[in-house]
Structure formats: C-alpha cells, structure tokens
Amino acid sequence: MKKLLFLLFPILAFSQTDLKKLDSLQFKQTIDQLVKDTGRNYQLAVNRKDDDKDNIKFINVDDNSDILFIKYGIYMDGENKDLEIQGVKKWAITTIYGKFLSLFPIWKKYADPKADPEALSKKKYMSLSNYSISRYDYDGHWRISF
C-alpha cells in the first residue's frame, strides 16, 4: 500500500493543485515544475519584442527553435464590485504550447501515466478529466489545456 501511495503521490499532488486558483508563490512554483518536467534545458526569455501579455516564453538553450509558451490569466478571486469586495489576486494556468516531445512528459506525468508517445501522436487529440492535449500545427507543436 505504501508503494502505491508513493507512486501516486506526484499525480495526486499535481491534481490537487488547482491550476486556476494559484497565488503568486504557487504560480511561480508550478511554472518552474512544469518547465522542469519537460526534461529539456529551457531558459526564460527576457526582453521580448513580441506580444508577451498573459504568457511566459521559454527557449531551449540547446535548440533555439524549441520554444515553450505557458499561457495564464490573472483575476480577483471573490471579487464583487456591487458589494465593493476587492477579492484576492489569483493566477490561472490555462495552456502550455510546445514541441510534442517537450509536452509529452507533462501529459504522461499528470494526465495519463500509461500514455504511449507514438499512439498519442497518431491520435492528434486526447481529453482526460480536466486535461486535453492536441496538435497545434503540422510542425510538431502541440498544446495541453487545463
């Protein structure tokens, strides 16, 4: 039983983290963990010249064509303007965009531990619980939505 709980802990820990209601510290930790889970050497892109609103861009140091985007939103949880309740600032991670082989470890770890990369790449789309993964374009880019 202890082995089963140990094996399920990463899945349970992530699934218990509501990606739609993160405080600033949880948001940063979750982003760091998702990037680490790709198994690639991504580095945060700074001084961006593109439209960087509501997304974070990471570039693979070993391959500049390998880019990871994490899309998010910010809102005031519990806000009620009619009652003049300000609410609490929260972050919501909605989507991750990147190369299939970058996203697959995230999908496998958090959504479908039995996933097979070849079978999934042929399906081009899968939805499980609150997660979905789909092909974004025909250049090997995919997205995971939460």
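Position 1 is the first residue of the sequence; numbering continues from there. Predicted model, so just to flag it, every value in this text is computed and none were measured.
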Going by side chain to side chain contact (heavy atoms under 4.5 Å, CB included), name the residues that satisfy it together with [X], two or more places apart in sequence or in a different chain.
X     : answer
Val88 : Lys90
Lys71 : Asp54, Thr94, Thr95, Tyr97
Asp62 : Asn41, Asn60
Ser65 : Asp63, Lys99

Sequence-distant partners of Tyr42, ring pair (Phe, Tyr, Trp, His ring centres under 6.0 Å), two or more places apart: none
Side-chain touch [X]/[Y], heavy atoms, less than 4.5 angstrom:
X      : Y      : result
Lys21  : Asp77  : yes
Leu120 : Met126 : yes
Ile133 : Leu128 : no
Glu79  : Gln86  : no
Ser134 : Arg143 : yes

Cluster companions of Leu25 among Ile, Leu, Val, Met, Phe, Trp, Tyr (side-chain spacing under 4.5 Å): none
For [X], check salt bridge (charged side-chain N to carboxylate O under 4.0 Å, His left out) against everything at least two apart and list the hits.
X      : answer
Asp112 : none
Arg40  : Asp66
Lys28  : Asp32

Closest approach of Pro105 to Thr38 (non-hydrogen atoms, all atoms of both residues): CG-O, 3.7 Å
Smallest separation among heavy atoms of Ala115 and Trp107, with atom names: CB-CD1, 3.9 Å
Partners meeting side chain to side chain donor-acceptor pair (under 3.5 Å) with Lys122 (sequence neighbours left out): Glu118
Non-neighbouring partners of Ser127 that pass side chain to side chain donor-acceptor pair (under 3.5 Å), sequence neighbours left out: none
Residue pairs fulfilling salt bridge (charged side-chain N to carboxylate O under 4.0 Å, His left out) with at least one residue in residues 127-138, sequence neighbours excluded: none
Expected output: side-chain Gln26 to main-chain Asp23 donor-acceptor under 3.5 Å: yes
Under 3.5 Å donor-acceptor, Tyr75 side chain and Lys20 backbone: yes
Trp142 ring center within less than 6.0 Å of Tyr136 ring center: no
Pair Tyr110 + Tyr131: ring centers closer than 6.0 Å: no
Atom [atom1] in [X], atom [atom2] in [Y]: separation rounded to 0.5 Å?
X      : Y      : atom1 : atom2 : answer
Asn64  : Ile59  : CG    : CD1   : 6.5 Å
Phe104 : Lys109 : CZ    : NZ    : 14.0 Å
Ile70  : Ile96  : CD1   : CD1   : 5.0 Å
His141 : Phe69  : NE2   : CZ    : 9.5 Å
Ser102 : Leu34  : OG    : CG    : 12.5 Å
Lys123 : Asp116 : NZ    : CG    : 10.0 Å

Sole candidate of Ile93, Leu22, Leu44 that passes side-chain contact (heavy atoms from CB on, under 4.5 Å) when paired with Ile31: Ile93
Common cluster, Val61/Ile67, ILVMFWY with side-chain heavy-atom separation under 4.5 Å: no
